[in-house]
Protein chains: 2
Amino acid sequence: MTRSKSKRQTGCPIAFALDTFGDKWSLIIIRDMLMRGKETYGEFLAADEKIATNILADRLQHLQDEGLIEKKRDPQNRRRYLYRLTPKGLDLTPIVLEMVRWSAAYDPNTKASPAVVTRIQSDREGLLKDLIQKNKPERD
Amino acid sequence: MTRSKSKRQTGCPIAFALDTFGDKWSLIIIRDMLMRGKETYGEFLAADEKIATNILADRLQHLQDEGLIEKKRDPQNRRRYLYRLTPKGLDLTPIVLEMVRWSAAYDPNTKASPAVVTRIQSDREGLLKDLIQKNKPERD
DNA sequence: CTTCATCACTTGCATATCACAAGTGAATAC
DNA sequence: GTATTCACTTGTGATATGCAAGTGATGAAG
């Protein structure tokens, strides 16, 4: 395991956030969990963005160390693990939504769903509730 | 200049955002401009996080290429340049605020101003307006 | 008009991180 | 037992980062 992610420790909230999930891949994984219902290693590997397997393993470990996700054996198939967002990880939803809004506004090739983009503006609270509900840790 | 920043081009808004400003330093620079009124190279260099000068030059160029900031000579002192947020860069404010909110909630050593954190919850719209007003491009 | 200081970078180089390919080991399936 | 799936690990070259030192264009002082 490549020991990475040194913390800047300045107390600045932006630096803290960047040190926790501010790399090229962590939010891609979070997005897959939050918006696409993915929960296994193989599903994350299959993402359009082609994450390398060692980087994926490293990021999952890091996100777990940071308490954003948790890892459990799948009771249905004991050779796989299920990764789930913790409440702390789920609480990144507003950040993810604001990023979607921004990119939808400025990326001419965006594939962001217009329905979601519209709802971010018109019913932010409701959308947040729905996403958080769908990813509630107690849900199975 | 180290040519970096390859784009993933999948159309995913999260990937687009990460490719545009999702590195260890870009949002630190944006924060300095947005929340701390910094606008010169020397001011960015002096940040608590100790950004290396070559990385700073590279990121400023990148942010300029992406249209998030603009660079002008300082009319008061022609040997310095002023960096300012464009409307596209200013529109990152909601993302920055959500990151502040998240970090303030989960970093036990946060130095986030309680006044700001409270206002993010209680008067999000007003706070956004104020920050955007303060950084309006036409202001001098 | 020469010298000196400031400001915004560039360049070089050691170190760290990433990406790609291939390999390992545990849990089921047959 | 043999094969297959799944979740990783390991090795190696490419890329990016961090640090120190150097450069060129103002502008200020004498």
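Since this is a predicted model, take the numbers as computed values, not measurements. Proteins come first, then strands; the chains are lettered A, B, ... in the order of their sequence lines, and each starts at number 1.
Going from atom CG of B/D58 over to atom C1' of C/dT11 covers 14 Å, rounded to whole Å. Across the protein-nucleic acid pair, A/Y41 atom OH and D/dT5 atom P stand 17 Å apart, rounded to whole Å. Between the CG atom of A/L82 and the C1' atom of D/dC6 there is a distance of 12 Å, rounded to whole Å. Regarding A/I51, its CD1 atom lies at a distance of 10 Å from the P atom of C/dC18, rounded to whole Å. At whole-Å resolution of the value, OH in B/Y81 and P in C/dT6 are 19 Å apart. When rounded to the nearest whole Å, the span between CG of A/L56 and P of C/dC18 equals 13 Å. If you take CG of B/N54 and P of D/dT15, they are 18 Å apart, rounded to a whole angstrom. Rounded to a whole Å, the NE2 atom of A/H62 is 12 Å from the P atom of C/dT17.
The side chain of B/T53 lies closest to D/dA20 when the candidates are D/dA20, D/dG18, D/dA7. Proximity note for A/R80 (side chain, C-beta onward) versus C/dC18, D/dC19, D/dC6: the nearest is D/dC6. Side-chain proximity of A/R73 to D/dT26, C/dA8, C/dA27: nearest is C/dA27. For B/I55, the listed nucleotide lying nearest its side chain is D/dT17; candidates were D/dT17, C/dA19, D/dA7.
Distance check: A/Q9 CD to A/F16 CZ gives 8.5 Å after rounding to the nearest 0.5 Å.
Within the 4.5 Å cutoff, side-chain heavy atoms of A/I95 are placed close to those of A/F21. Side-chain contact between A/M35 and B/I14 is absent, with no heavy atoms from C-beta onward closer than 4.5 Å.
Proximity of B/W25 to the phosphate of D/dG18: a side-chain N or O atom is located under 4.0 Å from OP1 or OP2. Put simply, A/K24 has no side-chain N or O that comes within less than 4.0 Å of OP1 or OP2 on D/dA16.
A donor-acceptor contact shorter than 3.5 Å is absent between the side chain of A/S26 and the backbone of A/G22. Judged by distance alone, with hydrogens and angles left aside, the side-chain atoms of A/N135 form a donor-acceptor pair with the main-chain N or O of A/L131 at under 3.5 Å.
Residue pairs meeting the salt bridge (charged side-chain N to carboxylate O under 4.0 Å, His left out) criterion with at least one member in residues 95-110 of chain B, sequence neighbours excluded: A/D91-B/R101, A/R124-B/E98, B/E98-B/R101, B/E98-B/R124.
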Under 3.5 Å between N/O atoms: give me all the protein pairs with nucleotides 28-30 of chain C, atom names plus distance.
residue: C/dT28; atom: OP1; partner: A/R78; partner atom: N; Å: 2.6

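Ion pair B/D48/B/K111 not flagged as a salt bridge, since none of the NZ, NE, NH1 or NH2 atoms sits closer than 4.0 Å to an Asp/Glu carboxylate oxygen.
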